[in-house]
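All heavy atoms count here, side chains included; hydrogens, waters and symmetry mates do not. Throughout, a chain's letter reflects where its sequence line sits, starting with A, and its residues are numbered from 1.
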Amino acid sequence: MVLGNYKNCVSARAADPSIRSASQDGGIVTQLFAFALEEGIIDGAVVAGQGDEPYNPEPVVATTVAELMEARGTRYTICPNMSMIKEATRSYGLDKVGIVGTPCQIQAIRKAQLYPMGMRSVGSKVALAIGIFCMENFSYQSLETMVEDLCNVKMESAAKMDIGKGKFSVYTSRGAVSQIPLKLTHKFEQPGCHVCLDYVANLADVSTGSVGSPDGWSTVFTRTKAGETIWGKAIEAGYFETKPIADVKPGLDLVTKLATEKITKNQKHLDERATFGVDKGLRNPYI
Amino acid sequence: MGLLSNLKKIFTGSKPEKSEASPEAVIVPEPVMVPESVTVPKVMPEEKPVVKPSDVKVEKKPEIQEMEEKPVAEKITIGHVHMSGCTGCLVSLADNYEGLFTLLDNYADLNYCLTLADVRDIPKMDVALVEGSVCINDPHSVEDIKKARRNATIVVALGSCAAYGNITRFARGGQWNQPQHENYVPIGDLINVDVYLPACPPSPESIKNVAVMAYLLLRGSDEQKELAAAYLKPLMDLAQRGTDACGCDLMFDVINQGLCMGCGTCVATCPVRAITMSYGKPNIDCDLCIKCGACYAQCPRSFFNFDVMNQFEAIGEAIDAAMGKGDE
């Protein structure tokens, strides 16, 4: 249950090497959106584009593969993709919108579909919601501190950042690697993440992340009918290389383990919030 | 209803018989109380799909044929009570287009509505959709809102004027200070309100969803009632939360409670673009804010009921099937 409802799970990577060249792991999001764009399944997608500052992304509506390519890679900070979802259906006039988001952003989409009070003509136009695995997120100032003060790397010289195997790693454009134990980053996590009960984007059409798959590959869950159909078409068209998840290491067990850890920890945090004061507590959004 | 039937003919042309069937059957759905009305839940095809997506697919086809003969006696009665508002919420209801006809054919009779139904006094009804705030200097309005409360089983504050006063109140929203602003109160200041549906205006889809859920709550099977109750609960909680709203709610009840994770939903929701994101948190221009409460209601961290949300696909399909989507 910590992994949500899903129809299928595989380990996969983009077949196109030019996508993988700058993607975070398997290039799943970029490749799937590129496929959906080419096939007319979506008219455009809300993705984390390049912002004004290095590693501070801004949501953009990508309507071409070139724009998608610009947005590859993970930036470990907040990118309010939901803020562009209505804009995509209005100013951009898209009828079929793709959107990528963290589990909380995917939750926001589903709420916008079931309780669409201020979301006129948005819900029915979300054609493909891709969720990414997420343990926690950092504000930009926090990320800056982690990278510049703890890792001693200037933001503008960082070529890639990665979280994995218990470490936060920054790779520079000149080939240096700077790492700190993940433990040191915990105090920088944004508080809103500590009440999150979703690790693998349980409500997405397709959710993906590196955990569970070998380096350069991603674990992919297909969850809804729409997600299953689009993924199936992409596989058929040869856009992805796949391996059965049971055949790869570390496999689904690690995903389950991390999901359980996150949800248990955050559920405990939620319970503590309820009795945080004397006969008073902090608000629980889930009741 | 006469005007509605004509509208329907104009829009759909080919299907006027259905609307003729409804007036005869309308005799039954008089002011039934909630618990009693439940007794005869005839198993209509549209009712079932709520359970599983698999059900929906199978039943979509038969539903169309049966709809012709099906007695519509089980419909609920809905009234639209117009207080001081701009009629935008009613337009939003009408903007369901064919969906509105499906609603009126299968689920609800509009038995009171100043612009669409020729009824002078507020009759008994299951659901009162109240639009607009109450002008307390107009005794007639005050009497009307009281009567609506007495005559309706469920009172829904349709839109932000009814829920929070919105632009009719001494809000800002770029308006000059005007003396008349002091005369309008949200309906919740005068009567108990059961369900809030804020936003300016609430989207057609949200009104449709609430109407279908109200139908299931009053006429559905036990399982459907449970779902509808779970669906409506957050909107009922919103009604208990108070009659004031502001973009500041995001600051006080979301960010300051350590709940905001910067998804940006509030930005997309705001009808006046008073919210922007800076460094992952909403920044609210309080002079532009019209106090409609949409941002807080739409925020995934104001309420997020997993029991409903986890079934988003099935519920979405069920509502689509109930509305005969795809058959138009």
Checklist line | Donor-acceptor contact below 3.5 Å, side chain B:S203 vs main chain A:P116 | finding: yes
Item checked: Approximate separation, where rounding is to 0.5 Å, of B:F306 CZ and A:Q107 CD -> 4.5 Å
Check: Is it true that atom NZ of A:K268 has more than 12 heavy atoms of other residues, nucleotides or ligands lying nearer than 6.0 Å?
Finding: no
Item checked: Segment of A:N56 engaging chain B (4.5 angstrom heavy-atom cut-off) -> side chain
Note to self: Under a 3.5 Å distance rule, please check whether A:R120 uses its side chain to pair with a backbone N or O of B:P201 as donor and acceptor.
What the structure shows: no
Margin query: I need the minimum non-hydrogen distance between B:M261 and A:Q190, along with the two atoms involved.
Written below: O-NE2, 3.1 Å
Notebook entry, point to check: Considering only heavy atoms, which portion of A:T102 lies under 4.5 Å from any heavy atom of chain B: side chain, backbone, both, or neither?
Noted result: neither
Checklist line | Contact origin within B:V308 toward chain A - heavy atom pairs under 4.5 Å | finding: both
Item checked: Minimum heavy-atom distance A:S83-B:A268, with the two atoms named -> O-CB, 4.0 Å
Item checked: B:S206, B:P300, B:P234 screened by side chain to side chain contact (heavy atoms under 4.5 Å, CB included) with A:Y115, the one that passes -> B:P234
Check: Considering all heavy atoms of both residues, which atom of A:C196 and which atom of B:R301 are nearest to each other, and what is their separation?
Finding: CB-NH2, 3.7 Å
Note to self: Can you tell me how far apart CE (B:M309) and CD1 (A:I109) are? Round to the nearest 0.5 Å.
What the structure shows: 12.5 Å
Next item on the list: Apply the test side chain to side chain contact (heavy atoms under 4.5 Å, CB included) to residues B:K281 and A:I78: give CA-CA distance (whole Å), side-chain angles for both, the deciding distance (0.1 Å), then the verdict.
Entry: CA-CA 9 Å; B:K281 295 287 177 283; A:I78 303 158; 4.0 Å; yes
Note to self: Which atoms of A:R273 are under 4.5 Å from chain B, going by heavy atoms: the side chain, the backbone, both sets, or neither?
What the structure shows: side chain
Check: Within the distance-only criterion (no hydrogens, no angle test), does the side chain of B:Q257 pair as donor or acceptor with the backbone N or O of A:L282 below 3.5 angstrom?
Finding: no
Checklist line | Euclidean distance, A:I287 CD1 relative to B:N305 CG, rounded to 0.5 Å | finding: 12.0 Å
Next item on the list: Give a yes or no on whether A:K154 atom NZ has more than 12 heavy-atom contacts from other residues, nucleotides or ligands under 6.0 Å away.
Entry: no
Margin query: Between B:D307 and A:Y286, do the side chains contain a donor N or O and an acceptor N or O under 3.5 Å apart?
Written below: no
Check: Does atom CD of B:E226 have more than 12 heavy-atom neighbours, drawn from other residues, nucleotides or ligands, at distances under 6.0 Å?
Finding: no
Check: Taking all non-hydrogen atoms of both residues, which atom of B:N209 and which atom of A:Q113 are closest, and how far apart?
Finding: ND2-O, 3.9 Å
Checklist line | Which atoms of A:N137 approach chain B - backbone, side chain, both or neither, heavy atom under 4.5 Å | finding: neither
Next item on the list: Check whether any side-chain N or O of A:R110 sits under 3.5 Å from a backbone N or O of B:N310 as a donor-acceptor pair, and report yes or no.
Entry: no
Margin query: Let's test your reading of the structure: which of B:P204, B:C266, B:A199, B:P202 forms the most heavy-atom pairs below 4.5 Å with chain A?
Written below: B:P204
Note to self: Could you go through B:F312 and A:L203, starting from their C-alpha distance and side-chain angles, then the distance that decides it, and tell me whether this counts as side chain to side chain contact (heavy atoms under 4.5 Å, CB included)?
What the structure shows: CA-CA 8 Å; B:F312 75 93; A:L203 303 183; 4.0 Å; yes
Margin query: Please identify, among A:Q105, A:E58, A:M119, the residue contributing the most non-hydrogen atom pairs under 4.5 Å to chain B.
Written below: A:M119
Checklist line | Stepwise side chain to side chain contact (heavy atoms under 4.5 Å, CB included) test for A:K86 and B:T269 | finding: CA-CA 8 Å; A:K86 204 195 245 175; B:T269 306; 5.5 Å; no
Check: For the atom pair CG (A:D205) and CD (B:E313), what is the distance rounded to the nearest 0.5 Å?
Finding: 7.5 Å
Next item on the list: Could you please spell out the steps behind the side chain to side chain donor-acceptor pair (under 3.5 Å) verdict for A:K111 and B:S302?
Entry: CA-CA 11 Å; A:K111 180 168 171 180; B:S302 62; 3.1 Å; yes
Margin query: Using 0.5 Å steps for rounding, measure from the CD1 atom of A:I106 to the SG atom of B:C263.
Written below: 10.5 Å
Margin query: Heavy-atom pairs under 4.5 Å with chain B - which of A:V195, A:N284, A:T224 has more of them than the others?
Written below: A:T224
Check: To the nearest 0.5 Å, what is the distance between OG1 (B:T265) and CD1 (A:I85)?
Finding: 9.5 Å
Note to self: Can you tell me which of B:C260, B:P282, B:P271, B:A294 forms the most heavy-atom pairs within a distance under 4.5 Å of chain A?
What the structure shows: B:C260
Next item on the list: Could you tell me whether the side chain of B:E205 and the main chain of A:S121 form a donor-acceptor pair under 3.5 Å?
Entry: yes
Notebook entry, point to check: Looking at B:L235 and A:M117, what are the two nearest heavy atoms and their distance?
Noted result: CD2-SD, 4.1 Å
Check: Between A:K225 and B:E317, does at least one N-O distance fall below 4.0 Å, as a salt bridge requires?
Finding: yes
Item checked: Proximity breakdown for B:C200 and chain A, heavy-atom pairs closer than 4.5 Å -> neither
